Each structure stands twice: as C-alpha cells, then as structure tokens.
Amino acid sequence: MTTAGDIMHRGAQWIPAHETLDRAAQLMRELNVGALPISDENERLCGILTDRDIVVGCVAMGHDPTRVTAGEMAKGTPRWIEADADVGEVLREMQTHRIRRLPVVDDKRLVGMISEADLAQHLTDDQLATWAESVYARVPSG
C-alpha cells in the first residue's frame with residue numbers, strides 16, 4: 001500500500017500566523033515552494049498561504065506585505081492527512097475539497113506536503129486525470 005508519507009515532499013515548514021507576508025515570501029524563495037502551511041501559537045494548522053495569495057490578496061489590493069500577517073490571509077477550514085493514510089484517501093481528500101496542496105502530519109507534527117508535482121510523479125495517468133478533472137472542473141453556478 002502506497003501512503004501519503006511515501007509520496008509527500010519532505011521538509012515542509014510552517015509559517016507562524018504572526019509572521020508578515022514579506023517574510024513568508026522570503027521563506028518560499030528559500031525553500032523553493034509556492035505554499036506554506038500556517039501555524040497558530042500551538043503549532044496547529046490554521047491555513048495555507050500561497051504565493052498567489054500574497055500577490056492577489058495583498059499586493060494587488062494595495063496592502064503592504066510588511067504589515068499583513070500570514071494569519072490574516074488564512075481562510076476556510078484547513079485540511080491535512082495523516083502520513084500513514086492510503087493514497088486513495090489522499091485523492092479523496094483533495095478531490096472532495098478541490099485542493100491542490102495537502103499538508104501531511106504524523107503524531108500531530110508537520111512532516112511534509114503533497115502537491116500536484118508529487119501526484120504527477122506517483123500516480124497512474126488514469127488516477128492523475130481523474131484527480132485533475134475533479135479539482136479543476138468548473139463549479140456549476142446556481
């Protein structure tokens with residue numbers, strides 16, 4: 001059985017909710033990533049910050065990234081998966097919630113992230129096509 005721990009990118013790091021977006025951008029550059037999990041003061045997941053969030057949600061809105069915190073950008077209910085979860089569970093979680101990045105935890109500690117690139121390396125073409133269709137499909141307006 002292939003698990004989340006088998007396909008994740010190791011070495012993911014938190015950005016504390018109190019850190020500013022300019023520091024988050026610097027950390028993204030240092031780690032060569034496009035997203036960081038956001039942790040609260042108890043090192044619990046409270047969101048995920050993407051490079052797009054910084055650009056679209058802060059800079060393009062005329063806000064100062066040295067004054068806006070990662071925590072202020074955290075929205076919605078954060079999702080994660082246990083490291084020993086089967087890949088099928090990973091796919092269901094990502095498809096159900098239409099997310100492209102998923103933090104992986106072990107014993108309540110962040111141990112990695114699963115991104116589109118990780119899926120592309122480890123899934124069959126059929127699995128990847130099904131995942132992409134469900135995550136990127138347009139949501140019917142109602």
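Computed from a predicted model, the values in this text were never measured in an experiment.
- By the salt bridge (charged side-chain N to carboxylate O under 4.0 Å, His left out) test, Arg52 pairs with no residue at all, sequence neighbours left out.
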Compile the donor-acceptor pairs under 3.5 Å between side chains in residues 78-88 and protein atoms, sequence neighbours left out, one pair per line.
residue	atom	partner	partner atom	Å
Arg79	NE	Glu93	OE2	2.6
Arg79	NE	His97	NE2	3.4
Arg79	NH2	Glu93	OE2	2.9
Arg79	NH2	His97	NE2	3.2
Asp86	OD2	Gly88	N	2.7

Q.
As a quick check of understanding, evaluate side chain to side chain donor-acceptor pair (under 3.5 Å) for Asp22 and Thr20, giving each step before the final call.
A. CA-CA 6 Å; Asp22 66 322; Thr20 58; 2.3 Å; yes
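- Counted within 6.0 Å of CD on Glu133, heavy atoms from surrounding residues, nucleotides or ligands total 12 or fewer; the atom is thus considered open.
- Looking only at side-chain heavy atoms (C-beta outward), Leu36 and Ile48 stay at 4.5 Å or farther from each other.
- Comment: Arg67 does not engage Glu72 in a salt bridge, judged by the lack of any side-chain N to carboxylate O separation of less than 4.0 angstrom.
- The number of heavy atoms from other shown groups lying within 6.0 Å of CG (Asp125) does not exceed 12.
- Heavy atoms from other residues, nucleotides or ligands lying under 6.0 Å from CZ of Arg23 number more than 12.
- Environment of CE in Met1: crowded, with over 12 heavy atoms of neighbouring residues, nucleotides or ligands closer than 6.0 Å.
- Crowding of Glu43 atom CD: a count of heavy atoms from other residues, nucleotides or ligands under 6.0 Å not exceeding 12.
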Residues Arg10, Val111; criterion side-chain contact (heavy atoms from CB on, under 4.5 Å); working and verdict: CA-CA 6 Å; Arg10 298 185 184 284; Val111 293; 5.6 Å; no
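- The residue from Val33, Leu49, Ile15 that alone fulfils the side-chain contact (heavy atoms from CB on, under 4.5 Å) condition with Leu27 is Ile15.
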